[in-house]
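Throughout, numbering of the chain's residues begins at 1 and tracks the sequence.
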Amino acid sequence: VTDTKGCSANNTMTVFVVGTPVTASPSAAPASICFGQSTTINANPTGGSGTYTYSWTSVPAGFTSTSATATVSPFVSTVYTVTVNDGFNSSTASVSVTVNPLPNQFILTGGGSYCLGGSGVVVGLAGSQSGVSYQLYNNITPVGSPVSGTGAAISFGNQTLAGIYTVIGTRVSTGCTVDMGSSVAVSINSLPVANAGADQTIAYGISTTLNGSASGGFGAMNYSWAP
């Protein structure tokens, strides 16, 4: 210090800086999700005073929060940015969440009924995507191995078990799955029981009446006699 007469004096003091700067290290768990799923974002603050406030924003815009953690369900891949303030300083950082699309849905084809002992009926899918595998289910039971998509209609072959058939598609690269949203039914028709009647003995040149009958089966019966 110096006074008005030009006399001066000095002294020293030391400022001790303690602690570390406040830092935000946001994370997302999981960082990659399928469309329709949720993930949790966390600001993960460290350093500073230890008492924090939070301000979240997003690109695309639409998300804001003042919590340390939040559950989000973005429709598209989104960058979340958080600013952490410890009352003295701030730190801003971002985390990305990737949203993977689901496989496209296609209508199931085929199904129907067949006669007991027959070869069954074909079940298929009206379309498919490359890079997607398709698993056929009878009710909740997997049928056969998954069929790889070709970009065109696919077939699961003849199905002989009665039930409701559905298909789930799985994108191989991401594991994202979707039910095709439709179904076909397979039913088995029991066979009719034919009864030609009792054996008869007649003289040569004499006619007789054949009295056949049938039971079981479905609907009206058609009869065809042959010697």
Side-chain angles (χ1 to χ4, degrees), residues 15-108 125-137 139-142 146-154 164-183:
V15 175
F16 295 93
V17 178
V18 297
T20 57
V22 61
T23 301
S25 302
S27 62
S32 179
I33 61 174
C34 299
F35 180 84
Q37 293 181 336
S38 298
T39 185
T40 300
I41 53 176
N42 193 324
N44 297 317
T46 56
S49 67
T51 301
Y52 310 111
T53 59
Y54 308 90
S55 177
W56 289 91
T57 58
S58 67
V59 176
F63 173 79
T64 60
S65 177
T66 57
S67 299
T69 63
T71 299
V72 294
S73 302
F75 296 121
V76 297
S77 296
T78 300
V79 176
Y80 295 92
T81 300
V82 63
T83 297
V84 177
N85 186 286
D86 69 347
F88 303 98
N89 298 286
S90 296
S91 175
T92 300
S94 300
V95 61
S96 297
V97 174
T98 300
V99 179
N100 298 300
L102 303 180
N104 292 342
Q105 291 178 306
F106 298 96
I107 299 296
L108 269 76
L125 207 56
S128 66
Q129 289 176 282
S130 298
V132 176
S133 66
Y134 298 89
Q135 177 64 59
L136 180 68
Y137 288 84
N139 298 321
I140 60 173
T141 303
V147 175
S148 296
T150 62
I154 58 175
I164 304 298
Y165 286 81
T166 57
V167 173
I168 292 179
T170 301
R171 192 176 299 279
V172 177
S173 61
T174 62
C176 293
T177 64
V178 68
D179 190 296
M180 291 295 102
S182 62
S183 63

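- Side-chain atoms of Ser77 come within 3.5 Å of backbone N or O of Val99 as a donor-acceptor pair.
- For the atom pair OG1 (Thr150) and CG (Leu125), the distance works out to 9.5 Å, reported to the nearest 0.5 Å.
- For Thr57, the side chain to side chain donor-acceptor pair (under 3.5 Å) test picks out no residue, with sequence neighbours left out.
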Identify each donor-acceptor pair in which a side-chain atom of residues 26-38 lies under 3.5 Å from a protein atom, sequence neighbours left out, and give them as a table.
from: Ser27; atom 1: OG; to: Asn44; atom 2: ND2; distance (Å): 2.8
from: Ser32; atom 1: OG; to: Asn100; atom 2: ND2; distance (Å): 2.8
from: Gln37; atom 1: OE1; to: Cys34; atom 2: N; distance (Å): 2.9
from: Ser38; atom 1: OG; to: Ser73; atom 2: OG; distance (Å): 2.5

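- The distance from the CD1 atom of Ile164 to the CD1 atom of Ile140 is 13.5 Å, given to the nearest 0.5 Å.
- Scanning for side chain to side chain contact (heavy atoms under 4.5 Å, CB included) contacts around Tyr137 gives Gln135, Pro142, Thr166, Ile168, with sequence neighbours left out.
- Side-chain atoms of Thr177 and Thr170 form no donor-acceptor pair, as typed in the model, at a separation below 3.5 Å.
- Applying the side chain to side chain donor-acceptor pair (under 3.5 Å) test to Thr81 and every residue at least two apart in sequence or in another chain returns Ser94.
- A donor-acceptor pair under 3.5 Å is formed between the side chain of Ser91 and the backbone N or O of Ala24.
- Summarising the geometry of Ala126 relative to Ala153, their closest heavy-atom pair is O-CB, 3.5 Å, with the distance given to 0.1 Å.
- Asp86 contributes a side-chain N or O that, together with a main-chain N or O of Phe88, makes up a donor-acceptor pair within less than 3.5 Å.
- The disulfide bond (SG atoms under 2.5 Å apart) contacts involving residues 42-94 comprise nothing, where partners must be two or more places apart or lie in separate chains.
- Ser148 meets the side chain to side chain contact (heavy atoms under 4.5 Å, CB included) test with no other residue; sequence neighbours excluded.
- Residues meeting the side chain to side chain donor-acceptor pair (under 3.5 Å) test with Ser182, sequence neighbours left out: none.
- A donor-acceptor pair under 3.5 Å is formed between the side chain of Gln129 and the backbone N or O of Asn104.
- Among residue pairs with one or both ends in residues 37-75, none qualify as disulfide bond (SG atoms under 2.5 Å apart); sequence neighbours excluded.
- Taking the side chain to side chain contact (heavy atoms under 4.5 Å, CB included) definition, one finds that Ser58 meets it with Phe63, Thr78, Tyr80, sequence neighbours left out.
- With sequence neighbours excluded, the residues that form a side chain to side chain contact (heavy atoms under 4.5 Å, CB included) with Ala68 are Tyr54.
- Residues meeting the side chain to side chain donor-acceptor pair (under 3.5 Å) test with Asn85, sequence neighbours left out: Ser90.
- When every heavy atom of Ser133 is checked against every heavy atom of Val172, the shortest pair comes out as N-CG2, 4.3 Å.
- For the residue pair Asp179 and Gly181, the shortest heavy atom distance occurs at OD1-N, 2.7 Å.
- Looking at heavy atoms from C-beta onward, Val167 lies in side-chain contact with Leu108 at the 4.5 angstrom threshold.
- Identified under the disulfide bond (SG atoms under 2.5 Å apart) test for residues 49-89, with sequence neighbours left out: none.
- Phe106 has its side chain out of reach of Ile154: every pair of non-hydrogen atoms, C-beta onward, lies at least 4.5 Å apart.
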